[in-house]
Amino acid sequence: MPSRPSSRAARLGALAAALGMLLVLGVLFYAKLRLSSPHAAALPHYPDGPDGLKALFTDVLKAADDTDRDRVHDLMASTFMSDDDLRALFGPRAAELAPRYHSMMETMVNRGSIELVVQVYERKLDTVEIIPIDPTAASARDTDKAIARALVTPLKIYDVRLRRAADHKGLRYDFFFYRNGHWLTGNQLGHVLAVGAEASDAGAR
């Protein structure tokens with residue numbers, strides 16, 4: 001008689017099935033339903049500085065390792081910028097960036113929460129690495145430089161990498177900063193801004 005799957009394997013199977021359904025049907029309707037959560041108010045407070053961001057993602061990693069997709073979702077959703085945050089960071093450009101940002105965050109918070117649980121299990125991710133971003137450094141990426149140029153108010157920015165302790169590479173999350181007592185993320189807005197800068201440069205030639 002075949003052995004019954006463990007409860008964790010069963011939960012992962014259910015998450016994989018849910019992810020497949022999202023990929024088939026599209027994430028938009030699900031994202032609008034799940035973007036806010038009734039459990040979000042119960043989240044702990046994470047202080048400013050690298051240690052505070054590490055504490056947040058340590059909780060994300062633990063929830064993913066426990067296959068607690070709802071907890072991962074709530075923690076990720078807590079980093080969603082409001083339209084006021086966007087305006088404070090990018091001034092008049094906020095209006096054009098908002099639709100792209102909302103779409104990217106809906107994907108990260110919803111489908112991304114399921115994917116992270118599966119990735120943590122399959123790749124045995126166990127380490128949170130905080131990466132301070134210096135857009136003036138020689139090693140700075142084009143996306144980091146584009147963010148720095150677009151900001152109307154300078155910010156301390158960090159990226160986060162989830163990886164195995166023995167590895168140097170892993171899953172990287174971009175553009176985290178602290179504002180009004182909360183950790184927030186610009187997600188992949190750096191890529192949007194960098195492409196826009198390239199287009200402007202090409203048009204100026």
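All of these numbers come straight from a predicted model, not from anything done at the bench.
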### Task
Kindly work out whether a path of hydrophobic side-chain contacts (I/L/V/M/F/W/Y, heavy atoms less than 4.5 Å apart) joins I131 to W183.
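Linked, I131 and W183 end up in one cluster.
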Is a side-chain donor or acceptor of [X] paired with a backbone partner of [Y] at a separation under 3.5 angstrom?
X	Y	value
T58	K54	yes
T143	H191	no
D126	A165	yes
S103	R100	no
R69	R71	no
Y178	Y46	yes

### Task
Specify the closest pair of heavy atoms between R123 and G170, including all atoms of both residues, with the distance to one decimal.
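R123 and G170 have their closest heavy atoms at NH2-CA, 3.7 Å.
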### Closest non-hydrogen atom pair, V72 against V60
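Looks like CG2-O, 3.9 Å.
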With rounding to the nearest 0.5 Å, note down the distance linking [atom1] in [X] to [atom2] in [Y].
X	Y	atom1	atom2	value
I157	T185	CD1	OG1	10.0 Å
L184	F177	CG	CZ	4.5 Å
D142	I147	CG	CD1	11.0 Å

### Side chains of D134 and T136, donor plus acceptor under 3.5 Å
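Per modelled atom types, D134 and T136 side chains form a pair under 3.5 Å.
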### Query
Should we say atom NZ of K62 is surrounded by more than 12 heavy atoms from elsewhere, each under 6.0 Å from it?
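Open.
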### Query
Within a radius of less than 6.0 Å around NE2 of H102, do more than 12 heavy atoms belonging to other residues, nucleotides or ligands occur?
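It does: H102 NE2 has more than 12 such atoms within range.
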### Query
Do any pairs count as a side chain to side chain donor-acceptor pair (under 3.5 Å) and have a residue in residues 166-175, sequence neighbours left out, and if so which ones?
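Sorted result for residues 166-175: D159-R172.
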### NZ or CZ of K124 within 45° of Y121 ring axis and under 6.0 Å
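Yes; both conditions hold, so K124 lies above the ring face of Y121.
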### Message
The criterion is salt bridge (charged side-chain N to carboxylate O under 4.0 Å, His left out); which residues satisfy it with K156, sequence neighbours excluded?
### Response
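Partners of K156 by the salt bridge (charged side-chain N to carboxylate O under 4.0 Å, His left out) criterion come out as none, since no residue qualifies.
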### Task
List the steps, then state whether side chain to side chain contact (heavy atoms under 4.5 Å, CB included) holds for L56 with V160.
CA-CA 10 Å; L56 167 59; V160 179; over 6 Å; no
